[in-house]
Amino acid sequence: MAKFLFVTICTVANLFAFLPVIHGNNFETKATQFFSSGHTNNWAVLVCTSRFWFNYRHVANVLSVYRSVKRLGIPDSHIVLMLADDMACNHRNPKPATVFSHKNMELNVYGDDVEVDYRGYEVTVENFLRVLTGRLPPSTPRSKRLLSDDRSNILIYLTGHGGNGFLKFQDSEEISNVELADAFEQMWQKRRYNELLFIIDTCQGASMYERFYSPNIMALASSQVGEDSLSHQPDLAIGVHLMDRYTFYLLEFLEDIHPASQANMNDLFKVCPKSQCVSTPGHRTDLFLRDPGSVLITDFFGSVRKVEITREAINLTNPTELPQDLTSLRNELKSEALFYVDQLPVADIIHQKPKQKDWHPPDGFILGLWSLILLVFFKTYGIKHLKHIF
Amino acid sequence: MGLLSDPNRRKAITSLLTRLNTPICVVCYLAGIAWFMGLAFEPFTLRTYMSENAMGSTMVEERFPSGERALATAREFAAHKKKVGGMPVDWLVKTMRAQGLEVFTQSFSRNLPFPDESKERFVVRGTNVYGILRAPRAPRTEALVLSAPCSPGNSNNQAVGLLLGLAQYFRSQIYWAKDIIFLVNEHDLIGVQAWLEGYHHTNITGMGYTPLQGRAGSIQAALSLELNSDVVTSLDLVLEGLNGQLPNLDLANLFHAFCQKLGILCTIQGKLQRSDWDTVEGYTHSAQTMLLMVLKQASGRPWGEHGLFLRYHIEAASIRGVNSFRQYKTDATSIGRLFEGMVRKLNNLLERLHQSYFFYLMPSLTRFVSIGYYMPAFGLLTTILLLRALDLWVHLGTPTPVTEDGVGEGESPSSPGLLSVLTPVVISHLTGVALYTLPVLSQEMAVEHFPVSETEAVVLTAIAIYTAGLALPHNTHRLISGEGTEQGWRVLKLVALLYLAVLLGCTALINFSLGFILAVTLVPAAACVTPHVPKALSAVAMVLLSPGCTILYCVFLFQELQEVPVSLAEGWMLFLSVISQGILDHALYGSLVYPLLALLVYPCWLLFWNILFWK
C-alpha cells in the first residue's frame with residue numbers, strides 16, 4: 001500500500017515537473033505554426049467582366065467581395081479592382097450613386113470609398129493579363145499594378161458571363177482557360193505569388209480552372225461544366241437581379257469572418273450547397289501544397305498581421321551559439337555559389353559545338369601550293385602540255 | 001454521264017414529269033392548304049417567350065396612382081373638345097406645359113383624291129400636339145412614343161386623359177434613359193403620317209405639313225392607346241401594320257407578360273385564348289384567330305395608329321380597351337400601371353428590338369408560328385406553277401415531227417415565239433395601268449355624266465375597267481400573228497406561269513398573307529387553263545378565281561370571322577368600300593396592295609384569260 005502511494009506521488013510529482021515543459025512545447029508548436037503559411041502580404045484582383053444595366057448583378061458581386069476584402073484588412077493600394085462601373089450612375093438607376101446587393105435596398109456596396117482601378121472600357125483581356133504578369137508600360141500608375149512578390153498571397157475573383165472554357169469580357173472578347181493557366185504559370189515563374197486563391201462565379205465556371213498546372217493554386221467555381229450559375233435577389237424597385245446566388249451566399253459567409261477568425265478553406269468549400277445554389281459549386285486543391293483544412297480564410301481574404309501577445313518567453317535559439325553557427329553556415333554557403341536555373345541553356349548549346357583543336361593551314365595556302373606544283377610539273381615536262389589545261 | 005445531260009435518263013425524267021404532273025400538282029395543292037390550316041393546331045406552334053435579354057421579365061414595381069385623376073382629365077378634354085368643335089389645341093398645350101413637358105404643335109393639310117365616305121372627309125386640315133419629357137440624366141439620343149388619337153365625337157377621350165396622367169407621373173421619376181414623346185394627333189392616321197414625315201424629314205405621300213420645332217432623337221418603340229370607356233373588361237392588342245408589316249414579337253410578349261402580372265384580360269383579334277386545343281371548337285377558335293390575322297395582314301392597311309410607325313423601323317403596337325359584358329372589370333389605374341411597366345421595360349433597352357421574330361402568325365396570344373414554319377405552305381403552292389412550267393418546257397422542247405419548222409421552234413422556242421407572246425403581255429399591262437390610273441383621274445367626268453358621288457364613281461370605274469378587260473381576247477386576236485398557234489399559247493402560258501410564280505414569291509416574302517391568299521385562288525386557275533377546256537365553264541371558273549372575286553370572298557370571310565355576318569347586298573357595299581379604301585390607302589399612306597393588284601396581278605390574270613380564249 002505504501003509502495004503504491006509512493007509510486008503515485010512520484011508520478012504526480014513528475015507530471016507536475018514536466019507540465020511547464022509540455023506547456024512550453026505546446027506554445028512552441030503554436031509559434032512554429034505562426035510562420036507556416038509563408039506569406040507576408042496579401043493582394044486581391046477583383047474583376048467584373050460585364051457591362052450594361054442588365055448585368056447589374058455582376059457589379060454587385062464584385063463590389064461585395066471588395067467590401068469584405070477591405071473590411072478584413074487589405075488596403076486599396078493592394079487591391080486591383082476592374083469594373084465597367086456603369087451601374088451607379090446609369091440613367092436607369094432609380095437610386096443613383098448606389099449599387100445594392102440585397103433586395104429592399106438593405107446593403108449599398110458602392111459606398112463612398114470605392115476605388116476602381118480599371119473602369120469602363122479599360123477592362124479588357126489584355127489589361128487583365130498585363131496586370132497579372134506585370135508587363136505594364138512604365139507610365140502605368142502604381143494603383144493599376146499588381147506589385148506582388150514571392151511572399152504574396154493573391155485572391156483573384158472573376159465574375160461575368162462565361163461558358164465552357166471561356167469568360168466573356170464586355171461583349172467583345174473572351175479569355176480562355178488555357179490563357180489563364182498560362183498567365184498563372186508566368187506568374188509562378190516570375191515568382192509573383194506565394195499562394196493563389198482563384199474564385200469564379202459564372203456559368204460553367206469549373207471549366208476555367210481545369211487547365212491550371214502551376215503549383216500553389218486553389219480554385220473555387222460556382223457551377224460545374226454544363227450548369228448555369230443562377231441569379232438571385234430580384235428587386236422590383238430597381239428592376240434587375242441584384243446578385244448571383246453563389247456570391248450572395250459567399251458574402252453571407254464572409255460577413256461572419258473577422259480578422260482573428262480561424263475558419264479554414266473547408267468551410268469555404270461548403271458555401272452554397274446545391275440546395276441553395278441550384279448549381280453545384282466545385283473546387284480544386286490538387287495543386288495546393290498545404291492541406292486546405294490548415295489554410296485560414298484570412299490568409300487570402302484579409303491582410304492579417306501575425307501579432308500575438310504573450311507573457312511567456314520563447315527560446316528561439318541559444319544566443320551564445322549564434323555567431324559560430326552563423327559563421328560555419330556562411331563558410332558552408334560560400335563554397336557553393338547558387339545560380340538560377342537556365343531558362344535557355346545557351347552555354348550548353350555553345351559547348352556542344354566541337355572545338356577546333358587541330359590546326360589546319362589556311363585554305364588559300366593549299367590552293368597556291370597545288371598551282372605551284374602544277375606549274376613546276378609543266379615546266380619540267382614541257383610547256384606545250386600546258387595548253388591542255390588552259 | 002450526268003443526270004440531265006444523259007439523253008436516256010433525261011427522257012425518263014421528263015416522261016415521269018409529264019405523266020405524273022397532274023397528280024403531283026393536286027397533291028401539292030391539297031398539301032399546301034392542309035399545311036396552312038394545320039398551323040393553327042396547337043402542337044405545331046411554339047409558345048411565345050421573351051427573347052430580349054435587356055428587357056428581362058416583368059420585374060418592375062408599378063406605382064402609378066392616379067387613374068381617377070386621369071379620367072377627370074379625360075372629361076375635361078371631352079368638354080373642351082366639344083366647345084372647340086375639333087381638337088382643343090390650346091388647352092392641350094397649356095396642360096402639357098403645366099406638367100413640365102416641352103410642348104410643340106404641327107399643322108398639316110391633305111387633299112384626298114376623292115372623298116372618304118367612311119370617315120366623311122375630303123380636305124383634311126389639322127394640328128398635332130406633342131410634348132417631350134426629357135430624360136433627366138440621359139443624352140437626348142433615343143426616344144419612346146406614347147400616342148393617343150383625338151377622335152371626333154365622344155370616343156377616345158379616356159385615352160388622352162390616361163396619356164396626360166401618365167405624363168404627369170413619368171415626369172416625377174428619375175430613371176428614364178430615353179426621352180418620352182406624348183403625341184395627341186388629329187385625324188388619326190393622317191395626323192400620324194404627317195407627324196412621322198415631319199419627324200424623319202421625309203415626304204413620301206405628298207402631305208403638306210409645317211416642320212417640327214422640337215425633336216428627341218431616334219425613336220426606339222411606340223405604343224398607341226385607344227380607350228373609349230372608363231372601365232374596360234379586356235385589352236386588345238393590334239399588331240398588323242401598313243403593307244402587312246408586323247412589329248417585333250417581343251412587343252407582343254411584353255404586353256402579354258404584363259397582362260398576366262396585373263391580372264388584366266388580354267386578347268388578340270378580339271378573341272380570348274382557349275385551353276382546349278384538342279377539341280374541334282378549340283381548333284376552330286385558333287384557326288379563326290389566325291385567319292383573321294391573315295386577312296388583316298393581306299389587306300395591307302394599318303389597323304391601328306401604330307401601323308405607320310413600322311415603316312420607319314420603329315417597333316409599335318396599338319392597345320385598345322374593350323368594354324364587353326363581363327363581370328370582372330379593370331380600372332384606369334391598372335391600365336396606367338400596365339403602360340408604366342411596359343414603358344419602363346422599353347426604357348431598359350439598349351438597342352432596338354431585334355432578337356425576336358419579325359415574320360410570324362399568331363393563332364393566339366401565347367402561341368406563334370414563325371416564317372420557317374409557314375413558308376412551306378406557300379412553297380408547295382408555287383411548286384405547282386413550276387411543275388407546270390417544266391411540263392410546258394418539255395413539251396416545247398420535244399420536236400413535233402409534223403410541222404416543217406418544228407425542229408427550229410423546238411430548240412429555241414424563244415425567238416419567233418416571244419414576239420407573239422409580247423403583244424398580249426403589253427396589252428394586259430396597259431389594261432392594268434388603265435385600272436390603276438383611270439378611276440381617280442376620270443372621276444369628274446363620271447360625276448358629270450352619271451348620278452353618282454365621287455367615291456362611287458371611282459369604284460365603279462375601277463370595276464368597269466376590270467370587267468372590260470374580260471373582253472380583251474376577242475380584240476387582241478386581230479393583232480397577234482397567228483403563226484404556230486399551238487406553240488404560241490404554250491409559250492404564253494410558260495411565260496405567264498413563271499411571271500406569276502415570281503410575282504407571288506416576291507409578294508409572299510414581303511406580305512405572306514397577301515401572297516398566300518392570291519396563290520390559293522390564282523394557282524389552280526393558272527395551272528388548269530388551256531384553250532382546250534370547255535370554254536363557258538372554265539370562263540366562269542376563271543372569273544370566280546380572279547383577284548377581284550378573291551377580294552369579295554375575303555370580305556365575306558372577314559365578316560364571318562368577326563361574328564358579324566352580312567347579307568349579299570351589304571357584302572357588296574362593303575366590297576365597294578374596301579376598294580375605295582384601298583385606293584385611298586395607297587394615295588394617303590403608300591400602301592402597296594392596290595398598285596400590286598392593278599399593275600401586276602390583274603395583268604397576269606388577264607394573260608391566263610387570253611390563253612383561255614386562244615384561237
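All chains are named by letter (A, B, ...) in the order of the sequence lines, taking the proteins before the strands, and each is independently numbered beginning at 1. Reckoned from all heavy atoms, side chains included, excluding hydrogens, waters and symmetry mates.
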Does atom CZ (A/R211) have a neighbourhood of more than 12 heavy atoms from anything else shown, all under 6.0 Å? no

If one checks every heavy atom of A/D235 against chain B at 4.5 Å, the contacting part turns out to be backbone

Note: B/M59 and A/H241 closest approach over all heavy atoms is CE-N, 3.6 Å

Q) Is the closest side-chain heavy-atom distance between A/P94 and B/R344 below 4.5 Å? A) yes

*Over 12 non-hydrogen atoms of neighbours within 6.0 angstrom of CZ in B/R69*: no

Cut-off 4.5 Å, heavy atoms of chain A, and the answer for B/A135 is neither

Value for CG (A/L236) from CZ (B/R63), rounded to nearest 0.5 Å, stands at 10.0 Å

When rounded to the nearest 0.5 Å, the distance separating CZ of A/R51 from CG of B/L350 is 10.0 Å

Here the pair of heavy atoms bringing A/N93 nearest to B/I174 is O-CD1, 4.5 Å

Q) Are there more than 12 heavy atoms of other residues, nucleotides or ligands under 6.0 Å from atom NZ of A/K95? A) no

Residue pair A/F54 / B/N348, side-chain heavy-atom distance below 4.5 Å: no

Closest non-hydrogen atoms of B/R137 and A/C89, given as atom of the first, atom of the second and distance, are NH1-O, 4.0 Å

In short, B/K345 meets A/G239 closest at the heavy-atom pair NZ-O, 3.6 Å

field: More than 12 heavy atoms of other groups within 6.0 Å of A/E255 CD
entry: yes

